**Student:** 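The structure's right below; bear with me while I get my questions together.
Here is the naming used below: chain letters follow the sequence lines, and residue numbers restart at 1 for every chain. Everything quoted here is computed from the prediction, not taken from an experiment.
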Amino acid sequence: MIELDALSVSFRGGRAAGDVHAVRDVSLRIAAGESYGIVGESGSGKSTVLRALSGLNRNWRGVMKIDGVPQLPVRPRAFHKSVQMVFQDPYGSLHPRHTVHRILAEPAAIHKLDGIDRRVERVLQSVGLPAAFRYRFPHQLSGGQRQRVAIARALILEPRVLLLDEPTSALDVSVQAEILNLLTALRAELNLTYLLVSHNLAVVAHMCDRIAVMQSGKFIEEMPVAQLRAGHSVEPYTTELLRAAQGYAPTTMEAVT
Amino acid sequence: MNPYDMSARNLLEVDDLRVRFHTPQGVVNAVRGIGFTVGREKVGIVGESGSGKTLTGRSVLRILPHHAEMTAARLRFDGIDLLRASSQAMQRVRGRRISMVMQDPKFSLNPTMTAGRQIAETAILHEKLSKSIARDKVLSMLESVRIRDPRRVFDAYPHELSGGMGQRVMIAMMLITEPDLLIADEPTSALDVAVQNQVLEIIDELVSRRHMGLLFISHDLNLVGSFCDRVLVMYGGQIVETLAGGRLQQASHPYTRGLLAAMPRVDRPSAVLPVLRRDPAWLSLQRPDAGAR
């Protein structure tokens with residue numbers, strides 16, 4: 001469903017800094033219906049991969065195929081109907097002065113879909129929100145409800161691929177569980193392909209079949225989640241992430257500069 | 001003052017602490033009658049957003065938003081009645097006796113001052129040190145938060161430092177006056193996991209070496225459970241449970257158990273995560289003295 005070959009993304013640096021190579025030679029293959037995760041820390045380039053895939057960042061090199069079709073930096077409208085993205089911050093990604101109805105109806109209108117009212121109703125139901133919520137504004141919703149609206153906005157176009165950028169890291173643990181369960185159920189029901197990016201190894205392991213560990217713009221390790229759970233990771237960095245997921249563990253450590 | 005004389009005593013005593021907000025829609029009770037003590041130990045407060053954990057920490061320093069109303073049956077720090085202390089007396093407590101590390105160094109360091117000058121300012125203000133003595137003290141403090149090149153960091157502006165370095169500078173600033181109690185509100189939440197562990201280690205080492213008390217506020221149950229000696233679990237402005245550090249799995253309150261179950265775990269695969277069912281009975285007020293001891 002998603003193929004990347006030697007994807008590289010660089011940003012123009014300042015006068016002295018030179019270019020920043022955010023993503024270096026990343027290749028991956030994700031089958032239709034698969035859930036694939038990228039784990040890494042801030043600045044590792046994981047979100048940049050998603051932004052290049054979604055067409056938000058046009059400044060990339062390499063080969064990108066969606067459903068076998070090679071992609072150019074500028075995407076046709078049909079692309080966005082089949083590939084949608086959910087962002088990290090449900091407080092920042094919804095227009096504060098638009099009602100839920102308008103937020104959901106807008107992508108459907110752009111894509112000239114018919115029966116918008118019915119679609120809005122149906123998509124609200126599938127993300128577990130009452131129909132009356134369509135008349136609310138984002139500030140009248142909790143964080144978890146906002147993220148449900150953001151997922152509904154992605155789903156209203158009936159896409160085949162969801163790009164999920166830290167979809168629960170702004171939420172409390174109890175709300176996170178609800179949203180992760182919703183995403184799991186939706187994938188099974190609609191046969192979606194997921195590419196999920198997170199700094200939280202436990203979340204990625206829970207949601208995905210295969211994971212890649214990313215550091216300084218590169219994939220340093222890729223493996224099935226079962227292998228990770230069995231403790232068969234090779235890279236020390238992956239081991240460190242695994243250990244950090246368990247909580248605080250004192251070590252003998254070095255000073256930093 | 002010999003710190004060992006006080007080791008058996010409580011540094012901080014809180015009883016029936018309440019914080020209310022008066023809004024046009026009515027009174028919002030954000031902290032609802034909690035009690036706890038902190039000795040020279042690491043005490044954690046854990047809870048989700050809106051549980052009242054941050055307001056609890058801020059109540060101790062009396063740095064609440066001005067429209068908040070705070071009352072308590074007792075709020076004492078080392079013999080000082082914080083409820084009745086004058087604002088000058090509070091000024092002598094804040095920074096010198098009790099310090100606070102905030103969540104994000106990006107927003108709590110002054111971007112127009114070098115790191116060294118900001119740290120020195122605290123020492124000069126509270127201890128009336130000369131500039132050159134303050135400078136030496138700052139450099140040794142930077143060394144003790146394990147910064148390898150203190151001179152470079154001294155002259156660096158906050159934007160020239162990484163998140164982990166910024167947080168070390170903040171910790172250095174908070175500890176240079178050698179306070180007795182450190183309040184750390186999500187001190188590592190803005191940091192990457194690898195750096196997070198290092199910063200915690202620094203806090204751990206400094207707190208035990210200086211024989212300080214620590215009030216560690218966080219939403220991260222695993223982190224607090226593995227780091228602190230004692231954990232207070234807050235829900236809806238109340239302490240619902242007190243646990244010994246490292247004994248999270250023995251939690252008995254359904255809220256704590258629900259939170260633990262709702263977290264995905266690498267070593268425990270599950271198809272569906274158990275969702276927390278909130279029981280309205282958790283919010284019913286307990287006996288006023290039923291807090292943690």
**Student:** Is it the backbone or the side chain of A:S174 that comes under 4.5 Å from a heavy atom of chain B, or both, or neither?
**Tutor:**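 Both parts, heavy atoms under 4.5 Å.
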**Student:** So for atom CD, which belongs to A:Q140, do other residues, nucleotides or ligands contribute more than 12 heavy atoms lying within a distance under 6.0 Å?
**Tutor:** yes
**Student:** So, taking the atom named CG in A:L180 and the one named CE in B:M263, what distance separates them when rounded to the nearest 0.5 Å?
**Tutor:**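 A:L180 atom CG to B:M263 atom CE measures 12.5 Å (nearest 0.5 Å).
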**Student:** So with a 6.0 Å cut-off around CZ of B:R117, is the heavy-atom count from everything else above 12?
**Tutor:**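 It does not: B:R117 CZ has 12 such atoms or fewer within range.
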**Student:** Do you know which of B:V224, B:L200, B:L223, B:L276 has the most heavy-atom pairs under 4.5 Å to chain A?
**Tutor:**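 Option with the greatest count: B:L200.
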**Student:** Of all of B:N222, B:V266, B:V272, which one pairs up most often with chain A through heavy atoms under 4.5 Å apart?
**Tutor:** B:V266
**Student:** How far apart are the closest heavy atoms of B:V275 and A:N181, and which atoms are they?
**Tutor:**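 Closest approach of B:V275 to A:N181, heavy atoms only: CG2-ND2, 3.4 Å.
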**Student:** Against chain B, label A:D172 side chain, backbone, both or neither, depending on which of its atoms sit under 4.5 Å from a heavy atom there.
**Tutor:**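 Contact with chain B involves both backbone and side-chain atoms of A:D172.
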**Student:** Which atoms form the tightest heavy-atom contact between A:A177 and B:P274, and what is the distance?
**Tutor:** CB-O, 4.2 Å
**Student:** Could you check which of B:P150, B:S270, B:G258 has the highest count of heavy-atom pairs closer than 4.5 Å to chain A?
**Tutor:** B:S270
**Student:** NE2 of A:H206 to CZ of B:R265: how many Å apart, nearest 0.5 Å?
**Tutor:** 13.5 Å
**Student:** Is any side-chain heavy atom of B:P264 less than 4.5 Å from a side-chain heavy atom of A:M207?
**Tutor:**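 No, their side chains stay 4.5 Å or more apart.
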**Student:** Counting only heavy atoms from other residues, nucleotides and ligands, does the tally under 6.0 Å from CZ of B:R151 exceed 12?
**Tutor:** no
**Student:** Quick check: under 4.5 Å, non-hydrogen atoms only, which of residues 211-224 of chain A neighbour chain B?
**Tutor:** none
**Student:** Name the region of A:E41, side chain, backbone, both or neither, that has any atom closer than 4.5 Å to a heavy atom of chain B.
**Tutor:**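 Contact with chain B is through both the backbone and side chain of A:E41.
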**Student:** Can you measure from CG (A:L242) to CG (B:D267) and round to the nearest 0.5 angstrom?
**Tutor:**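 Here the interatomic distance stands at 9.5 Å.
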**Student:** Counting heavy-atom pairs closer than 4.5 Å to chain B, which one of A:H199, A:Q176, A:E178 comes out on top?
**Tutor:** A:E178
**Student:** Relative to chain A, which segment of B:R278 carries a heavy atom at a distance below 4.5 Å: side chain, backbone, both, or neither?
**Tutor:**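 Just its side chain gets close to chain A.
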**Student:** Check whether B:A261 gets within reach of chain A through its side chain, its backbone, both or neither, counting any heavy atom under 4.5 Å.
**Tutor:**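 When you check distances to chain A, no heavy atom of B:A261 falls under 4.5 Å.
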**Student:** Measuring from A:R243:CZ to B:N197:CG, what's the distance to the nearest 0.5 Å?
**Tutor:**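 It comes to 5.0 Å.
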